[in-house]
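Read the structure below first, then the notes.
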Amino acid sequence: MQRDLAELTKNAYELLVIGGGIYGACIAWEASLRGLSVALLEKGDFGEATSANSLKTIHGGLRYLQHADLKRMRESIYERTTLMRIAPHLIHPLPVLLPTYGSGIKGKEVLSVALFLNDLISCDRNWIKDPQKHIPNGRIFSKQECQSLLPGISSQGLTGGALFYDAQVYNSERLTISFLRKAQQTGAAVANYVEVIGFLQSGNCVTGVRVRDSLTGDRFDIQAKTVVNTSGPWVNRVLGLVKGSKTRCQVSLAKAMNLVIRRPLFKNYAVGISSQKSYSDPDAVINKGSRLLFVAPWRGKSMIGTNYSVYDGNPDDFQVTENDIQAFLNEINRAHPPASLKMEDVDFVHGGLLPRSGIEPKTGEPLLSKHYQLHDHSQEGLLGLISVVGVKYTTARDVAQKVIDRVFKSWGKKPPKSLSATTPVYGGEIEKFETFLDEAIANAPYGLDEEIMRRLVYNYGSAYPEVLKYLESNLDRDQKFLDNLDVIKAEVIHGVREEMAQKLTDVVFRRTELGSAGYPGNKALHICAQTMAAELGWSLSQIQQELQEVSNASKSHCLVREEV
Ligand SMILES: Cc1cc2nc3c(=O)[nH]c(=O)nc-3n(C[C@H](O)[C@H](O)[C@H](O)COP(=O)(O)OP(=O)(O)OC[C@H]3O[C@@H](n4cnc5c(N)ncnc54)[C@H](O)[C@@H]3O)c2cc1C
């Protein structure tokens, strides 16, 4: 994936996508797969905003039963299976336990009906060849079993538990990149660190964009027949760049946050525990009276989410404060007192902005938007511009398919058939995941150990040999690895040469899993910076600046453990 800005100015594209989050990446892939000439521009690094901060759950939508929203549930189930098929290395089934209490809405009886309906509604979920992706039926179990699976769980009123399966994305940043790599292989031009700063307009028609290269400050124009604005929380800021139009999407924002906790609260399972904070969803047919806190296994630690609050500021000023984190820790400790979490237990913070539809009047909690928006601005007389506001990482591919259908229709053309539900993403050419993994481990080159091979397969799938190309056989163990973190130097070089990594932060947080669950340590960062410096010709002062940027980003993710 090469960053060729000169090429961007030479062409007039059929479609230009603003924003390289998961929605932009899926739209670029969908468009190029259907034969369109496409460009995608991202003002920072690909996937660095909302998309890098999700709770990594690929939802099958059990909770939509509360809203009796079977359509949304079916969409989510279909997308979960689709992602397991096209990205088998990145998406894996995740067992989830829910302790049951009393005989009401959180009791065994209600949950057993919910599990039954979930299995029924998703009866085609295992129409996928790979047995590792099969999702078993849910089941209810006894109080004793629940206590042995979840030691320390509150026993007051405990009647047992419910087990069901969802899916987890092993590395959401790499899934975003994997869609982009396929888009680029199919002809799309993609570039990071290019910000859209204005629109080219002819009468009531958008004909392209004016951009600024954030790395050099250079400005230039790119022509396009249709522009898709998928800039996430910035959607209305970008619309504000259109001259002579007040067109906007209906978007207010909510701050959303997850915490990565250094010691796992539970092992092997994700667990849903009820928050003590009251919450009522006006759209729900059945109201539980509180939100569920989801504790998921993550890199040997626990990831806990999601906490929401109303956000009325500028998306550029968004940050998670220490008060936000402390308030969330208090909420978790009230819901599960044995956790007894303190600030020093937090290794990483995910924070992002999501669309909200309103505010719950009694509690002041944000009500999150449940449905994506696809806004064709021709409705207001502005041609050539469509905005898309997503609400879930899980359903981005499905929304992308609908966006490209709309683009063709706006040109008065019949959309060609979409193939994105069956075409593997970059690294997804795997028929049976377990067999593929076993073979990769058995054929490990250069004496790479099992754990490294496992990680390479989980991150790069069938494309892992492309990474190994950059591993020199004559290096000793210390030279091959970044400290003891099992990320190999070859991944850093691969990130720079093949995946457009421009900055140390890109490699640490998004091309490799080096910084995905906590501060990787000064030594690993220095080796990583030196490796990139040799590739990109960085001076000593630039290396220092890059290290400083990682340190700043680490602080905002709250993950620096002082070791200077
Ligand atoms: C804490 C949290 C937990 C979540 N958990 C889950 C979950 O478990 N499962 C799930 O399915 N979903 C989850 N979500 C929701 C999901 O992450 C989002 O719906 C999704 O990532 C939105 O993607 P996006 O591409 O629309 O936005 P973004 O990822 O924000 O992408 C928009 C991009 O546009 C770029 N941009 C903005 N302005 C410009 C410009 N002028 N020029 C060029 N580029 C520009 C930005 O830099 C940004 O990268 C969660 C979200 C959060 C915050």
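Hydrogens, waters and symmetry mates are skipped; everything else that's a heavy atom, side chains included, is used. Heads up: numbering here begins at 1 and tracks the sequence. Each ligand, and each atom within it, is numbered from 1 in the order the structure gives.
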Please determine if T306 has a nitrogen or oxygen closer than 3.5 Å to a nitrogen or oxygen of ligand 1.
no
Which residue holds the protein heavy atom closest to atom 37 (C) of ligand 1, what is that atom called, and what is the gap in Å?
S231 CB, 3.4 Å
Please write down residue, atom name and distance for the protein heavy atom closest to atom 31 (O) of ligand 1.
G21 CA, 3.4 Å
Would you say I22 and ligand 1 have an N/O pair spaced under 3.5 Å apart?
yes
If we ignore angles and hydrogens, is there a donor and acceptor under 3.5 Å between the side chains of T363 and E360?
yes
Quick one: does D45 get an N or O within less than 3.5 Å of an N or O on ligand 1?
no
For atom 45 (C) of ligand 1, the protein heavy atom that lies nearest, with its residue and separation:
K43 CG, 3.7 Å
Any heavy atom of M257 under 4.0 Å from ligand 1? The part involved is backbone
Determine whether the aromatic ring centres of F433 and H92 lie less than 6.0 Å apart.
yes
For atom 5 (N) of ligand 1, grab the closest protein heavy atom and report residue, atom and distance to one decimal in Å.
L55 N, 2.8 Å
Would you mind reporting whether F509 and E173 have side-chain heavy atoms less than 4.5 Å apart?
no
Check the side chains of S420 and E30 for a donor-acceptor pair under 3.5 angstrom, ignoring hydrogens and angles.
yes
Taking the non-hydrogen atoms of V389, is any one of them nearer than 4.0 angstrom to ligand 1?
no
Taking atom 26 (O) of ligand 1 as the reference point, the nearest protein heavy atom with its distance
Y23 CD1, 3.4 Å
With a 4.5 Å heavy-atom cut-off, do I135 and S122 have their side chains touching?
no
Quick one about H377 and T247 (side-chain donor to acceptor, distance below 3.5 Å, no hydrogens or angles considered), yes or no?
yes
Protein contact to atom 33 (C) of ligand 1 [nearest heavy atom, distance to 0.1 Å]
E42 OE1, 3.5 Å
With a 4.0 Å heavy-atom cut-off (strictly under), which part of W234 contacts ligand 1: side chain, backbone, both or neither?
side chain
Looking only at side chains, do T216 and D213 share a donor and an acceptor under 3.5 Å apart?
yes
Do S252 and Y311 get their side chains close enough for a donor-acceptor pair, meaning under 3.5 Å?
no
One residue to check: L41. Relative to ligand 1, which of side chain, backbone, both or neither has a non-hydrogen atom less than 4.0 Å away?
backbone
Using a 4.0 Å heavy-atom cut-off, which part of T395 comes near ligand 1: side chain, backbone, both, or neither?
neither
Would V196 count as being in polar contact with ligand 1, using the rule that some N or O on each side must be under 3.5 angstrom apart?
yes
Would T394 count as being in polar contact with ligand 1, using the rule that some N or O on each side must be under 3.5 angstrom apart?
yes
Does any N or O in the side chain of S231 come within less than 3.5 Å of the main-chain N or O of I18, such that one atom is a donor and the other an acceptor?
no
When you measure from the centre of the six-membered ring of Y170, is the NZ or CZ of R299 closer than 6.0 Å and no more than 45° off the axis?
yes
Any nitrogen or oxygen of K392, side chain or backbone, less than 3.5 Å from one on ligand 1?
yes
Give yes if a backbone or side-chain nitrogen or oxygen of T50 is under 3.5 Å from a nitrogen or oxygen of ligand 1, and no if not.
yes
Which heavy atom of the protein is the closest neighbour of atom 10 (C) of ligand 1, given with residue, atom name and distance?
Y393 N, 3.4 Å
Kindly say whether the aromatic ring centers of F179 and F46 come within a distance under 6.0 Å.
no
Sub-4.0 Å atoms of ligand 1 with respect to non-hydrogen atoms of N258
1 (C), 3 (C)
Classify the side-chain pair Y165/N118 by whether it contains a donor and acceptor separated by less than 3.5 Å.
no
Would you please say whether a donor-acceptor pair under 3.5 Å links the side chains of S275 and E331?
yes
Counting distance only, does the side-chain N/O of N171 pair as donor-acceptor with the main-chain N or O of E513 below 3.5 Å?
no
Which part of P233 is near ligand 1, with near meaning a heavy atom under 4.0 Å away: side chain, backbone, both or neither?
side chain
Just going by heavy-atom distances, which of G47, A191, S51, S54 is nearest to atom 6 (C) of ligand 1?
S54
Option set N53, T57, D316, L354, criterion heavy-atom distance to atom 7 (C) of ligand 1, minimum:
T57
Examine the proximity of ligand 1 to V238 and report which part, side chain or backbone, both or neither, has a heavy atom under 4.0 Å away.
side chain
